[in-house]
Amino acid sequence: MSQVVLQLQNIHKKFPGVHALKGVNFTLRAGEIHALLGENGAGKSTLIKVMTGVYQRDDGDILLNNQAIFPNNTGDAQALGISTVYQEVNLLPNLTVAQNIYLGREPRRFGLINWTKVNQDAAQLLKGYDLDIDVTQPLSSYSIAVQQLIAIARGVDMSAKVLILDEPTASLDADEVQTLFRIMRDLKARGIGIVFVTHFLDQVYAVTDRITILRSAQLVGEFETATLSRAELIGHMLGKELAALGEHKPQAHATSGDALLSVQAISRQATLSPTDIAVSKGEVVGLAGLLGSGRTELCRLIFGVDKKHSGNVTFHGQPVNFSSPRDAIIAGMGLCPEDRKHDGILGQLSIRENIILARQVKQGWWKFISRKEQEEIANNFVKELSVATSDIEKPIEQLSGGNQQKVILARWLAANPSLLILDEPTRGIDIGAHAEIIRLIRKLCDQGLALIVASSELEELVAFSNKVVVLRDRQKVTELTGDEINPQRIMQAIAAH
Amino acid sequence: MLNRKFIPLTITCCLFFLLFGIGSVQFEGFGSTQVFFNLFSDNAFLIIAAVGMTFVILSGGIDLSVGAVIALTGVVCSVLISRYQLHPLIVFPIVLIGGTIFGAIMGAIIHYYKMQPFIVTLAGMFFARGLASVISEESIPIEHEFYNQVSAFGFEVLGGAWIGSSTIICLVVLVIAIITAHYTRFGGRVYAIGGDANSAALMGIPLAQTTIRIYAISAFLASLAGIVYSFYTFSGYSLAAVGVELDAIAAVVIGGTLLTGGYGYMFGTLMGVLIMGVVQTYISFDGTLSSWWTKIVIGLLLFCFIALQQLLIKTTPR
Amino acid sequence: MSLSSNQHLRRYLWPCAGLLVLFIINAIISPEFFHIEFKDGRFYGSLIDVLNRAAPVALLAIGMALVIATAGVDLSVGSIMAIAGAVSAYFITKGVDSLALIIGAGLVAGLIAGIINGFLVGYMSIQPIVATLILMVAGRGIAQLINEGQIVTFDHPGFAFLGTGSFLGLPFPVVLVIITFAIVQLLTRRTALGLYIEAVGANPSASRYIGLNEKAIKMSVYCVAAVCAALAGMIAAADIRGSDANNAGLWLELDAILAVVIGGASLMGGRFSILLAIIGALIIQTLTVTIILSGIPPKYNLLIKATAIILVLLLQSPLFQKQLSQLKFWKNKKEMNNA
Amino acid sequence: NVQALTVGFAQVGSESGWRTSFSESVKAEAEKRGITLKFSDAQQKQENQIKAVRSFIAQRVDAILIAPVVETGWQPVLMEAKRARIPVIILDRNVAVTDPSLYLTRIAPDFEVEGQRAATWLTEKTGGKCKILELQGTVGSSAALGRMKGFNATIAKFPETKIIRSQTAEFTRAKGKEVMETMLKAEGGGKNICAIWAHNDEMALGAIQAVKEAGLQPGKDILIVSVDAVDDALKAIVSGEINVSVELSPHLGGPAFDVINEYRAGKKDFEKWIHMGGAVFTIENAAAELTKRGAK
Ligand SMILES: Nc1ncnc2c1ncn2[C@@H]1O[C@H](COP(=O)(O)OP(=O)(O)OP(=O)(O)O)[C@@H](O)[C@H]1O
Ligand SMILES: Nc1ncnc2c1ncn2[C@@H]1O[C@H](COP(=O)(O)OP(=O)(O)OP(=O)(O)O)[C@@H](O)[C@H]1O
Ligand SMILES: [Mg+2]
Ligand SMILES: [Mg+2]
């Protein structure tokens with residue numbers, strides 16, 4: 001068996017009011033891909049941040065090649081050969097793509113940075129990820145998925161002994177995921193140890209060698225991937241059987257057939273060609289497409305975040321022309337954006353405030369929702385979506401990524417919309433909560449809510465869509481209904497030329 | 001094709017020359033090389049201080065202490081030179097090192113105690129000015145042969161304009177700063193911290209070291225500006241350069257740097273200073289404005305300029 | 001529940017402790033400091049003076065707290081004070097007698113200034129520091145223009161009451177601060193406005209998705225700040241029965257910002273507390289009184305101020321608290337060893 | 001001469017009523033004589049003043065008037081003016097230069113003398129027995145330093161005349177009131193205080209309000225001594241609230257233009273300091289002066 005590179009022993013970490021790691025052990029060998037699994041808020045990201053010096057451990061030892069290390073920050077960890085891609089995309093929107101990739105290790109000539117080389121190398125590196133973009137543009141001009149790939153490319157390029165990937169695939173398409181796996185296997189062959197956090201069990205079985213599972217800040221155990229069954233794995237993660245989650249199979253549900261939203265030839269220069277889409281009450285319309293196919297753009301245009309350059313929108317039978325999200329919200333829409341960190345959370349505000357804000361806006365500022373009612377709403381959603389928190393007054397930034405996502409979902413559900421647009425709604429959500437959310441969505445649809453869901457996960461789209469609209473190159477290519485909705489057909493539509 | 005990220009900077013440059021052109025048409029003697037180079041020699045200390053400020057603002061911080069550091073430097077220089085008869089070339093390293101340490105301490109407090117730059121440097125401003133007035137409330141003239149030589153140094157360019165030592169120093173500082181900001185790893189770190197300090201830390205940028213260095217550089221340049229200021233006035237005075245920090249901030253921002261950090265160019269700062277200088281020159285050439293109209297017109301010109309800048313940048317097709 | 005109330009208390013603890021320490025120092029320097037007597041229908045004493053003198057900065061701080069919560073800053077409040085003072089003095093000297101008209105004119109002047117600031121910041125997206133710098137420079141000029149460069153003195157007992165009168169035994173400026181505080185507190189905490197302001201400050205981009213009108217919110221906070229400043233300006237003018245356009249409110253914007261930050265707010269926006277901002281203003285004023293009472297030569301003023309500010313802020317810093325407790329720990333240990 | 005003169009005037013700013021009267025008086029005088037005046041307001045900043053002077057040089061004006069912010073710091077720019085052969089006249093505060101030929105003359109009052117005269121009046125009035133509260137001008141300003149020096153030197157001869165508290169009120173009315181309020185509280189309500197010595201009228205005017213609010217009568221219970229003799233102060237003298245104010249004449253324009261004319265007519269050596277004496281105003285002569293000023 002290959003040799004141990006990184007070993008964590010009896011790690012403890014406390015935050016005010018939360019004991020986030022209670023004596024966790026973890027062992028990573030050279031040349032293995034090691035899955036770190038657990039529910040939202042189990043402590044995965046915290047463990048990773050302790051390993052890399054972002055947080056200081058309260059107790060325990062970290063050994064790198066059998067030597068105790070005390071990293072004080074990411075820089076120290078990098079110097080020791082540990083490279084990390086953190087859960088939220090942590091790159092710098094103001095710098096160019098190339099600068100982001102080489103920040104802190106730019107190639108120099110005569111002591112000065114050689115920008116030509118930086119740009120060439122960056123472009124070359126990204127080609128390996130099938131990403132052919134202008135690396136001299138600021139990072140902020142690319143979608144969150146592209147940013148995630150860039151972050152991965154940076155992390156992989158720097159890895160010397162250990163590479164840590166915290167939910168790198170959360171907003172990637174199947175194709176990109178395959179590319180990533182190919183690269184991970186390459187690194188593995190070169191003897192690099194890889195820690196891989198994900199909530200997609202298929203991916204765990206596709207690429208990892210061993211699995212460490214955390215539950216409620218504690219270690220459940222370490223397993224060989226090959227010998228652990230899916231049911232056992234879920235059982236270990238949730239502490240209960242999969243059966244308790246309800247089935248995960250597609251289930252047709254009734255739609256009323258009354259048109260709710262009808263969009264004709266909506267377009268915006270340089271971002272979306274004229275596209276039609278119609279949604280009825282109780283219907284779920286899935287948006288499928290590759291990275292950059294225009295799903296996010298379409299959602300933003302409907303919701304009035306961006307100004308449309310042409311097209312008509314009818315909502316509730318009335319022609320509407322939203323000049324801002326506020327109009328859309330008051331008319332009864334909601335949009336849960338894909339970039340959680342940038343467009344979703346209000347970091348310093350409490351969970352309660354984050355949940356009630358959209359509803360408050362809908363009601364108007366003078367009709368203040370009383371504190372009691374706010375707490376009621378927040379507590380309800382926290383329970384219903386099983387947000388792991390001790391207190392609804394905690395700032396949302398202190399929640400784990402998946403739990404933040406649940407709170408943002410709750411925000412939009414709390415606003416009682418008649419049409420809800422979800423852009424990658426289950427990013428980073430664990431399988432238990434995933435099932436919970438799908439069940440919730442179905443329940444709401446039965447009550448007449450209509451949904452537009454953009455998702456990179458075909459399984460998920462298939463699971464609850466009545467209709468799937470496929471986009472390619474910022475254009476609608478086809479619309480699938482009924483039996484046509486299956487992963488193969490969607491893949492064909494996406495890929496066809 | 002012009003790179004689109006340079007469009008705002010280009011627009012700013014064009015507006016400067018437009019302003020200068022208007023003055024030249026309107027007043028005799030305005031459109032001379034003398035007036036143009038006076039902009040540099042009159043504002044040399046401001047350019048140097050604003051260059052330091054640019055580093056700070058690019059990193060998302062702010063340094064309110066520069067004006068006070070300029071004054072303190074002047075006072076210390078004049079006391080050491082005039083009272084203690086030290087040679088300026090001994091005094092300068094002392095004040096420059098002292099200034100740098102002062103800045104480093106502010107940077108360390110900001111980083112380690114997680115305090116806001118605005119407040120720490122405001123306290124730094126009170127401290128430096130307070131120290132200056134404790135050392136000497138009165139202004140102290142500097143009389144030293146070296147000062148005369150330095151101020152006599154320079155050369156004439158066409159049109160009778162004089163390029164003196166202050167102009168040379170400030171241009172050298174500017175060039176070094178441009179190289180540092182855009183061609184060194186340190187410069188990259190400054191932009192990185194300004195973009196998002198948390199992300200930068202997660203990408204492995206040494207926050208402590210970088211923050212301390214940034215404030216040390218700013219204070220070092222403020223001290224240097226203090227020395228240049230002392231060449232400008234041959235004296236040290238605890239009330240000198242009041243409000244220079246605001247001028248420097250305004251120059252940096254007019255030059256297109258975002259106060260929230262992460263975006264901007266060193267060269268823009270030079271343009272910012274020159275623009276404010278042209279406005280001032282314009283007003284004194286006019287010479288009919290009363291005290292209050294002077295203020296109102298400065299405000300109006302500033303507004304017109306910024307509004308025009310915004311408008312042009314927004315409507316320029318990308 | 002326990003966590004939230006705890007955090008809430010902690011925010012108030014350190015600024016209050018800072019204020020208390022200053023009070024105690026003052027009482028040591030001048031034993032009369034806490035002495036309050038009731039005379040001619042009003043309270044007298046150094047403590048009352050502190051409240052009274054802190055009133056203008058407290059008013060500025062109320063508005064500034066809101067502006068800072070949106071991640072902005074308003075440098076023009078000092079100049080707006082001067083404008084409002086000049087406008088009301090102008091009306092008085094022009095023979096207007098109606099107090100409502102005079103005060104109304106001052107407030108309207110402030111409101112106009114606020115609309116200008118709000119427009120530049122909210123609708124033209126000019127960075128707050130520069131946007132308000134414009135009015136900071138030009139505003140003082142406008143005030144001087146109104147006064148024609150002179151200090152305009154006036155005699156209007158009704159208006160002077162704003163600065164020197166008393167109500168329920170308290171100096172009238174203090175009463176005005178209390179009223180303003182109550183109104184702003186009601187507006188921000190009994191409606192959703194406060195939450196909106198904090199949301200815009202915490203994450204402008206996310207606020208857009210929630211449907212908040214960032215521009216309108218910014219406009220309104222700059223207006224509130226300017227109206228508060230106008231009120232402060234009239235108090236200052238009423239106090240000396242004259243409008244001193246050049247000096248009224250000079251550099252007070254820095255004091256107001258300082259007050260808000262001493263009260264624990266972040267200049268990057270987000271959470272705000274108006275009460276804490278007022279406590280910040282009290283700390284600054286108490287410090288000024290301390291310096292005057294101590295009889296230390298004025299040239300040391302700034303050094304003392306700098307030291308005090310750093311100390312008050314250090315006390316609020318968790319790391320410093322930890323270091324302090326370690327220090328105590330070491331000392332205890334030493335004593336134990338000695339014993 | 002046929003060609004009208006162009007004169008540049010670098011003024012400090014407009015920080016006080018006195019300063020504004022000074023600027024206005026120079027402007028009025030220039031207009032009367034048909035001189036084109038290039039006025040520049042430096043907003044209390046020396047660097048702005050130097051810039052203004054350099055732009056006057058670039059404009060090739062016929063003469064430059066400078067009312068300096070501070071004494072020091074003028075050597076380099078005055079040398080430039082000399083090189084350009086433009087005569088310079090200093091108004092009000094002094095300049096410290098090694099080479100007196102850099103300027104023609106200085107037309108100004110003497111701050112130290114002002115302090116002395118204020119002190120002399122006070123010691124005579126009180127017979128050398130007095131506890132004084134001092135309101136200083138802006139820390140480090142030459143007016144504050146000069147007046148302090150003159151005043152202190154004079155009272156030093158009277159051991160029982162003492163300044164018991166001294167604090168800056170930055171030459172402003174509001175600060176004057178605020179600082180005095182606190183000082184009086186600290187001195188047990190001010191019953192033992194014999195006089196307030198303010199470095200300018202503005203602070204004195206603020207201080208009398210504080211005295212009144214403390215329940216004392218300014219001018220009677222506490223003597224008020226100050227400098228400048230601006231209109232508001234004269235009115236206060238007439239109503240008995242200020243006891244004495246030493247005049248600082250703002251009419252420096254006339255003599256300055258006289259000097260320029262003489263210089264152009266060929267006169268080269270001027271007295272280096274043309275003193276502008278001011279009267280000392282008390283209840284006896286204030287009313288008369290007021291009517292005189294009103295008449296003008
Ligand atoms: N900075 C912080 N301050 C306070 N509590 C925190 C902080 N960071 C994390 N926590 C808490 O620690 C616990 C573990 O969080 P962590 O982010 O490690 O979860 P995770 O396993 O990565 O979950 P997810 O799958 O949702 O990303 C959570 O209860 C979270 O609320
Ligand atoms: N593979 C790629 N190559 C080049 N540019 C891309 C690529 N993927 C995305 N982009 C850029 O990202 C921008 C944003 O795309 P958008 O967010 O609309 O995509 P999407 O369909 O929502 O997909 P996703 O949300 O998965 O990124 C596009 O305008 C495009 O310029
Ligand atoms: Mg996580
Ligand atoms: Mg998308």
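All chains are named by letter (A, B, ...) in the order of the sequence lines, taking the proteins before the strands, and each is independently numbered beginning at 1.
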Q: Return the option, out of Ile257(C), Leu133(C), Asn246(C), with the maximum number of heavy-atom pairs under 4.5 Å with chain B.
A: Ile257(C)
Q: Could you pull out the closest heavy-atom pair between Leu313(C) and Met115(B), with the gap in Å?
A: CB-SD, 3.5 Å
Q | Which atoms of Leu258(C) approach chain B - backbone, side chain, both or neither, heavy atom under 4.5 Å | A | both
**Q.** For chain B, the option from Ile309(C), Ile310(C), Leu314(C), Asn301(C) that forms the most heavy-atom pairs under 4.5 Å
**A.** Leu314(C)
Q. Is any side-chain heavy atom of Leu303(C) less than 4.5 Å from a side-chain heavy atom of Phe127(B)?
A. yes
**Q.** Asn147(C) versus chain B, the contacting section by heavy-atom distance below 4.5 Å
**A.** neither
Q: Please assess Tyr300(C) against Val134(B) for the test side chain to side chain contact (heavy atoms under 4.5 Å, CB included), listing each intermediate value before the final yes or no.
A: CA-CA 6 Å; Tyr300(C) 291 101; Val134(B) 169; 3.6 Å; yes
Q: Pick one of side chain, backbone, both or neither for Ile262(C), based on which atoms fall under 4.5 Å of a heavy atom in chain B.
A: neither
Q | Distance (rounded to the nearest 0.5 Å) between Gln144(C) CD and Ile296(B) CD1 | A | 8.5 Å
Q) Nearest heavy-atom pair of Gly299(B) and Ala138(C): which atoms, and what distance? A) CA-CB, 4.0 Å
**Q.** Closest non-hydrogen atom pair between Leu267(C) and Gln116(B), with its separation
**A.** N-OE1, 2.7 Å
(Q) If you compare all heavy atoms of Ala306(C) against all heavy atoms of Ala123(B), which two are closest, and at what distance to 0.1 Å? (A) CB-O, 3.3 Å
Q.
With side chain to side chain contact (heavy atoms under 4.5 Å, CB included) as the criterion, how do Phe118(B) and Leu254(C) come out once you've worked through the C-alpha distance, each side chain's angles and the decisive distance to 0.1 Å?
A. CA-CA 10 Å; Phe118(B) 189 97; Leu254(C) 284 185; 4.1 Å; yes
Q) In terms of heavy-atom pairs under 4.5 Å, which option from Leu64(B), Ile119(B), Val253(B) contacts chain C the most? A) Ile119(B)
Q) Any side-chain donor-acceptor pair under 3.5 Å between Tyr113(B) and Gln323(C)? A) yes
Q: Check whether Leu75(C) gets within reach of chain B through its side chain, its backbone, both or neither, counting any heavy atom under 4.5 Å.
A: side chain
Q: Please assess Ile116(C) against Phe303(B) for the test side chain to side chain contact (heavy atoms under 4.5 Å, CB included), listing each intermediate value before the final yes or no.
A: CA-CA 11 Å; Ile116(C) 295 174; Phe303(B) 166 73; over 6 Å; no
Q: Can you spot which of Leu301(B), Leu300(B), Ile298(B), Thr294(B) makes a side chain to side chain contact (heavy atoms under 4.5 Å, CB included) with Val137(C)?
A: Ile298(B)
